[in-house]
Amino acid sequence: MKHAPRKHTAVMRGTLPLKEQRVLDVGCGSGGLVRFMTREGARVTGLDTSEKQLARARDADGAGDEDYISGVAEDLPFEAGIFDAVVFFNSLHHVPVEHQATALREALRVLRSGGEIYVLEPLAEGAFFEMMRPIEDETDVRASAYEALLNAANTSGVCEHRELSYEAPLSYESFEACRNEMIAVDESRRPAIEAQGDNLRVAFESAAEFEEGACRFASPSRLNLLRKA
């Protein structure tokens, strides 16, 4: 299925108010999105389970007054109603399936009335997804995350649900950069990646479009926005 090409940052600018908003980024990784939202005028807290990723986030050049804490999506360490937005950017499907519904309830709990849950998820399709399937086939966990989202959208705590699909550009300097990033995001992938050896490199080079010194892919993505009643 073909979707309109758009950058993630452009989509966020057009759909989520950021200026002077308090935002929680759940599963913030190395903090790239936290820094983007901070530069857009938001006061952002990044939360992640990985101390290694949080260390990368804290070591990066700061964008403003952003901060990072350790925690899990299904038990957010915050009082109720204090955020204007809660963001799950490529992270909801990484929450254990049995906790995905709880994670969305927690997001609603910490939101103020009228606040929004912003969930961007990669779709289980496209050249990059097929390249990754031998390493980690996320078909089922992505489907479970979407089911949890639809169930959350139909609860009494949500007054509006919007959905948008598009293709986002995904770029790496090299196969090695892609490989290192995949391991940095989830160290448990390392044995499977190493077992694939040159097969993964061949799949990467076959699937990528080489342009201006970069290896590019199109990443089919789906955005769901839930507004708290």
Side-chain angles (χ1 to χ4, degrees), residues 8 12 15-18 21-34 37 42-54 57 66-124 129 136-165 184-189 221-229:
H8 287 312
M12 177 170 276
T15 54
L16 185 67
L18 290 171
Q21 301 293 289
R22 188 171 184 191
V23 181
L24 172 64
D25 184 0
V26 179
C28 66
S30 58
L33 188 65
V34 169
M37 292 189 289
R43 178 186 172 196
V44 190
T45 295
L47 178 140
D48 207 280
T49 62
S50 168
E51 291 297 337
K52 185 176 291 187
Q53 288 286 72
L54 289 171
E66 70 270 25
D67 66 308
Y68 301 95
I69 68 169
S70 178
V72 295
E74 63 270 23
D75 188 16
L76 296 176
F78 304 103
E79 296 177 3
I82 65 171
F83 289 101
D84 298 296
V86 177
V87 174
F88 292 84
F89 190 89
N90 283 349
S91 61
L92 183 60
H93 68 280
H94 287 297
V95 176
V97 169
E98 64 271 22
H99 296 315
Q100 288 170 353
T102 304
L104 291 167
R105 286 196 296 270
E106 277 288 274
L108 281 171
R109 180 184 66 79
V110 301
L111 273 180
R112 64 167 177 80
S113 178
E116 291 188 297
I117 303 177
Y118 186 104
V119 183
L120 187 285
E121 285 279 288
L123 299 179
F129 173 76
E136 186 178 35
D137 188 348
E138 294 184 336
T139 303
D140 291 342
V141 294
R142 295 185 189 186
S144 296
Y146 187 48
E147 181 180 1
L149 261 172
L150 294 181
N151 288 337
N154 290 318
T155 66
S156 58
V158 174
C159 65
E160 183 181 354
H161 173 220
R162 291 177 286 159
E163 183 172 302
L164 170 68
S165 294
V185 169
D186 187 348
E187 180 67 29
S188 69
R189 294 171 174 169
S221 304
R222 181 182 56 239
L223 169 63
N224 290 84
L225 277 165
L226 281 62
R227 185 183 298 274
K228 182 176 179 178

Does CD in E98 sit with more than 12 non-hydrogen atoms of other residues, nucleotides or ligands closer than 6.0 Å? yes
For D140, does the CG atom sit with more than 12 other heavy atoms under 6.0 Å from it, leaving out its own atoms? no
Taking the side chain as everything from C-beta on, heavy atoms only, tell me whether D25 gets closer than 4.5 Å to E66. no
CG-CD1 distance between L54 and I69, expressed to the nearest 0.5 angstrom: 9.0 Å
Determine whether the side chains of T139 and D137 contain a donor N or O and an acceptor N or O closer than 3.5 Å. yes
Identify the heavy atoms of V95 and A73 that sit nearest to each other, and give their distance. CG2-CB, 3.8 Å
On a heavy-atom basis, which atom in D48 and which in Q53 lie closest, and how many Å separate them? OD1-CB, 4.3 Å
Mark yes or no for whether R227, through its side chain, and C159, through its backbone, hold a donor-acceptor pair below 3.5 Å. no
When R22, R43, R112 are each screened for side-chain hydrogen bond (donor to acceptor under 3.5 Å, both in side chains) with D84, the one that passes is R112
Candidates Q100, H99, R105 - the one meeting side-chain contact (heavy atoms from CB on, under 4.5 Å) with E74: H99
Who pairs with R189 by side-chain contact (heavy atoms from CB on, under 4.5 Å), at least two apart in sequence or on another chain? H94, M132, I135, E136, E138, M182, V185, D186, I193
Heavy atoms only: give me the nearest R109-K228 pair and the separation to one decimal. O-NZ, 3.8 Å
Between E121 and L92, which heavy-atom pair has the shortest distance, and what is it? OE2-N, 3.2 Å
Kindly compute the distance separating CG (L120) from CG (L16), expressed to the nearest 0.5 Å. 11.5 Å
Here the gap from Y118 atom OH to L223 atom CG, rounded to the nearest 0.5 Å, amounts to 4.5 Å
Separation between CG (L76) and CG (L24), nearest 0.5 Å, reads 6.0 Å
Just by modelled atom types, is the G71 backbone N or O under 3.5 Å from a matching donor or acceptor in the T49 side chain? no
Considering only heavy atoms from C-beta outward, does the side chain of N224 approach that of H161 to under 4.5 Å? yes
Measuring only between side-chain heavy atoms, which start at C-beta, is E116 closer than 4.5 Å to P17? yes
Nearest atoms (heavy-atom pairs only) where G29 meets A57: O-CB, 3.9 Å
Quick one: pull up CG in L225 and CZ in R162 and give me the separation to the nearest 0.5 Å. 4.5 Å
Side-chain heavy atoms of V158 within contact of L108, under 4.5 Å: yes
d(M37 CE, L18 CG) to nearest 0.5 Å is 7.0 Å
Taking side chain as C-beta onward, heavy atoms only, is Y146 less than 4.5 Å from E163? yes
For F83 and V23, work out which heavy atoms get closest and say how close. CD2-C, 3.7 Å
May I ask you to test the V44-L33 pair for a side-chain heavy-atom distance under 4.5 Å? no
